[in-house]
K.L.:
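Supplied in structure tokens, the structure appears directly below.
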Amino acid sequence: MQGTVATFDPQTHTGTLLLDDGSELPFPAEAFRASGLRLLRLGQRVSIEAGPDGSVHKVELPGIR
């Protein structure tokens, strides 16, 4: 699944994504830490891994693994 960074707090490493269907999805600091990234910018395109319950487990840049 992909979306765009709508909010990101560099101190807490939490934020929200705007999904392609227009819905917002929050992500926890654990999902950001799992990515290995150091920063996200507002408007940046990202891919996410979500669990069966819809919670975000990992936020990463598209095409980078």
K.L.:
Considering all heavy atoms of both residues, which atom of Ala6 and which atom of Leu18 are nearest to each other, and what is their separation?
P.N.:
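So the two residues come closest at CB-N, 4.2 Å.
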K.L.:
Rounded to the nearest 0.5 Å, what's the gap from CG on Leu25 to OG1 on Thr16? Could you check?
P.N.:
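The OG1 atom of Thr16 is 8.5 Å from CG of Leu25, to the nearest 0.5 Å.
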K.L.:
Going through the distances and angles, do Val59 and Phe8 end up as a side-chain contact (heavy atoms from CB on, under 4.5 Å)?
P.N.:
CA-CA 12 Å; Val59 177; Phe8 179 69; over 6 Å; no
K.L.:
Look up atom CD in Glu30 and atom NE2 in His13, then write down how far apart they are to the nearest 0.5 Å.
P.N.:
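Output value for this atom pair is 11.5 Å.
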K.L.:
Grab the two heavy atoms, one from Ser55 and one from Asp53, that are nearest each other, plus how far apart they are.
P.N.:
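Smallest heavy-atom distance, with atoms named: OG-OD1, 2.7 Å.
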K.L.:
Using every non-hydrogen atom in the two residues, find where Ser47 and Pro62 come nearest and quote the distance to one decimal.
P.N.:
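In this case the closest contact between Ser47 and Pro62 is OG-CA, 3.4 Å.
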K.L.:
Considering all heavy atoms of both residues, which atom of Leu19 and which atom of Gln2 are nearest to each other, and what is their separation?
P.N.:
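Residues Leu19 and Gln2, closest heavy atoms: CD2-O, 3.9 Å.
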K.L.:
Can you tell me how far CZ of Arg33 sits from CZ of Arg38, rounded to the nearest 0.5 angstrom?
P.N.:
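It comes to 15.0 Å.
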K.L.:
Is Val46 close to Thr4 at the side-chain level, that is, under 4.5 Å between some pair of heavy atoms?
P.N.:
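Answer no - side chains too far apart.
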K.L.:
Do Leu61 and Gln44 come within less than 4.5 Å of each other through their side chains, counting heavy atoms only?
P.N.:
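Yes. Closest side-chain heavy atoms under 4.5 Å.
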K.L.:
What is the distance from atom CZ of Arg45 to atom CG of Leu17, rounded to the nearest 0.5 Å?
P.N.:
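Interatomic distance, Arg45 CZ to Leu17 CG, rounded to 0.5 Å: 10.0 Å.
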K.L.:
Say whether Phe27 and Met1 are linked into one hydrophobic cluster, either directly or through other cluster members, by side-chain heavy-atom distances under 4.5 angstrom.
P.N.:
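Shared cluster, yes.
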K.L.:
CD1 of Ile48 to NZ of Lys58: how many Å apart, nearest 0.5 Å?
P.N.:
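One finds 13.0 Å between CD1 of Ile48 and NZ of Lys58.
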